[in-house]
*Asks:* 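Below you'll find the structure I mean.
Both backbone and side-chain heavy atoms feed into the values below; hydrogens, waters and symmetry mates do not. Chain A is the first sequence line, chain B the second, and so forth, proteins listed ahead of strands; every chain is numbered from 1. The shown structure was predicted, so the numbers you read here are calculated from the model rather than taken from an experiment.
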Amino acid sequence: MRILVQEEPFDPGAETSAFAQGRGDMGAVVTFTGLVRGDGGLSAMEIEHYPGMTERAITAIAEEARDRWSLGDVLVIHRHGRLVPGEAIMMVATAAPHRKDAFEAAEFLMDYLKSRAPFWKKELGPDGAAWVAAKDDDEAALRRW
Amino acid sequence: MRILVQEEPFDPGAETSAFAQGRGDMGAVVTFTGLVRGDGGLSAMEIEHYPGMTERAITAIAEEARDRWSLGDVLVIHRHGRLVPGEAIMMVATAAPHRKDAFEAAEFLMDYLKSRAPFWKKELGPDGAAWVAAKDDDEAALRRW
Amino acid sequence: MEVLYFAWVRERIGIPKETVVSDAVTVADLVEELKSREERYAAAFEDVSALRVALDQELSDFSAPLAGVREVAFFPPMTGG
Amino acid sequence: MEVLYFAWVRERIGIPKETVVSDAVTVADLVEELKSREERYAAAFEDVSALRVALDQELSDFSAPLAGVREVAFFPPMTGG
């Protein structure tokens, strides 16, 4: 299990390669990458987080995923600081013997990261800066687990 | 949309990088990579396919995914021929504005590729060669779509 | 018409492909005709419920008519992905 | 105890962190105490249903007791991922 909370950019492809490497017993690797969208004239995104709690919260989420599904490994990378459109904000990767576990665990991790890990996004666009509001949909997505 | 049926190995990481590159309007990229598992003493896998029908079947599956979900792009790579444990058999990637579409479309593509694309796997192990039997689970997985 | 065999169907029949001249009306009729030919066909088509058929590269079923079909393929359930 | 503010709560109050000496029994009591201090606190805590609270870096709620807590953090609903 590997959890990285960092300001530096990362390369989702290189992380996927490293994660999938030499998994003789795992048949399925699922990755999710979240990218900054440039629609609405967005010029940058600033992500604030709560150092200390962030790592704890993500570790707890990842451990719960490992308890619930048969997983070989879990990777979570989440950036903070300033990002521009097209850049990767975060990624999740899961490895499992079977695809159902890998998919479900990745979706579970994403649903929890959206609403339970202490990150806050601010969008900078033509009308200035605005904090992204939490979506009811994201809260609802947690109820299925 | 890009569909590749090939004997040559491919690098899931490099494909992920290329696929996720410069998607200013897509917030979510999901990838699934299927790897040859080495458990049970498996030494190699041979994948037979039906040239011509394979490409048609995968194209039809990918087009259906684009009709059903809001997707920016779809990638499917599937190998045939001889593979050894740890090698990537296939991958699917989906890009969408939102994560729900990217996840669901990737799972849909996988479920259909498992049972509706003309590939047949043969496992070579300590007791000789054996064709992989289709699983009832895989047929059942299609019913949710 | 061209008849193709894949995976263990191909192995049992011993060839990947052959040209068949037949008056069979449906896929099931063609299967009966092939089974009556030789033991290896009878062995391959013993249990058609374990088989799938494609007509001109589209999945079909054993009751489908063969009129106008150029390529028939028989194979076990697919195991891709 | 240390009190931390994030995102627009931090912006409204104007500081990311402060040390607060208080006899507040619950989080809600602490919020009332802070609100009575200055207008910027009253503005930040105007609608606590729009806020979340963490006690010693674990999500909690406004009725939770503060006994033994060293770090309290107030912030809007998270928007990670």
Side-chain angles (χ1 to χ4, degrees), chain A residues 10-42 45 72 84-100 102-104 106-111 113-114 121 135 137-138 140-141 144, chain B residues 10-42 45 72 84-100 102-104 106-111 113-114 121 135 137-138 140-141 144:
Chain A
F10 66 94
D11 175 349
E15 296 293 342
T16 299
S17 284
F19 187 79
Q21 207 78 50
R23 303 220 171 265
D25 50 345
M26 296 293 130
V29 170
V30 168
T31 73
F32 177 91
T33 306
L35 303 165
V36 182
R37 288 165 58 187
D39 45 5
L42 181 122
M45 178 177 275
V84 295
E87 277 194 278
I89 302 170
M90 49 81 62
M91 80 175 276
V92 154
T94 55
H98 302 288
R99 77 184 186 285
K100 190 170 184 288
F103 268 121
E104 285 188 6
E107 289 187 76
F108 168 86
L109 287 167
M110 283 309 304
D111 285 348
L113 286 169
K114 279 270 167 194
K121 292 191 186 113
K135 290 195 203 97
D137 274 8
D138 286 333
R144 62 175 161 155
Chain B
F10 67 93
D11 176 348
E15 297 294 342
T16 299
S17 283
F19 187 79
Q21 208 77 51
R23 302 218 173 268
D25 51 344
M26 296 292 131
V29 170
V30 168
T31 73
F32 176 91
T33 306
L35 303 164
V36 182
R37 286 165 58 186
D39 45 5
L42 181 122
M45 179 178 274
V84 295
E87 278 194 276
I89 302 171
M90 49 80 61
M91 80 175 276
V92 154
T94 54
H98 302 289
R99 77 183 185 286
K100 190 170 184 289
F103 269 121
E104 284 189 6
E107 289 186 75
F108 169 86
L109 287 167
M110 284 309 304
D111 285 347
L113 286 169
K114 280 270 167 192
K121 292 192 185 111
K135 290 196 203 95
D137 274 7
D138 285 332
R144 61 174 160 155

*Asks:* Pick one of side chain, backbone, both or neither for B:Lys114, based on which atoms fall under 4.5 Å of a heavy atom in chain A.
*Replies:* side chain
*Asks:* Quick check on B:Asp137 against chain A: is it the side chain, the backbone, both or neither that has a heavy atom closer than 4.5 Å?
*Replies:*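 Neither part, no heavy atoms under 4.5 Å.
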*Asks:* Please work out whether the ring planes of A:Phe103 and B:Phe103 are parallel, tilted or perpendicular, with thresholds of 30° and 60°.
*Replies:*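 A:Phe103 vs B:Phe103 ring planes: perpendicular.
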*Asks:* Side chain, backbone, both or neither: which part of B:Met26 has an atom under 4.5 Å from a heavy atom of chain A?
*Replies:*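 The backbone, not the side chain.
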*Asks:* Find the distance between CD (B:Glu104) and CD (A:Glu107) and round it off to the nearest 0.5 Å.
*Replies:*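 That separation rounds to 7.5 Å.
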*Asks:* Give, as side chain, backbone, both or neither, the part of B:Asp11 having an atom under 4.5 angstrom from any heavy atom of chain A.
*Replies:* side chain
*Asks:* Would B:Asp138 and A:Arg99 satisfy salt bridge (charged side-chain N to carboxylate O under 4.0 Å, His left out), going step by step from the backbone distance to the final call?
*Replies:* CA-CA 11 Å; B:Asp138 285 332; A:Arg99 77 184 186 285; 3.1 Å; yes
*Asks:* Give me the atom names and distance for the closest heavy-atom approach of A:Ala14 to B:Ser17.
*Replies:* N-OG, 4.3 Å
*Asks:* Count the heavy-atom pairs under 4.5 Å between each of B:Gly27, B:Ala106, B:Ala18 and chain A, then report the option with the highest count.
*Replies:*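 Sorted descending by pairs with chain A, the first entry is B:Gly27.
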*Asks:* Can you tell which part of A:Val92 gets under 4.5 Å to a heavy atom of chain B, answering side chain, backbone, both or neither?
*Replies:* neither
*Asks:* Take B:Lys100 and A:Met110 through the side chain to side chain contact (heavy atoms under 4.5 Å, CB included) test and state the conclusion after the steps.
*Replies:* CA-CA 10 Å; B:Lys100 190 170 184 289; A:Met110 283 309 304; over 6 Å; no
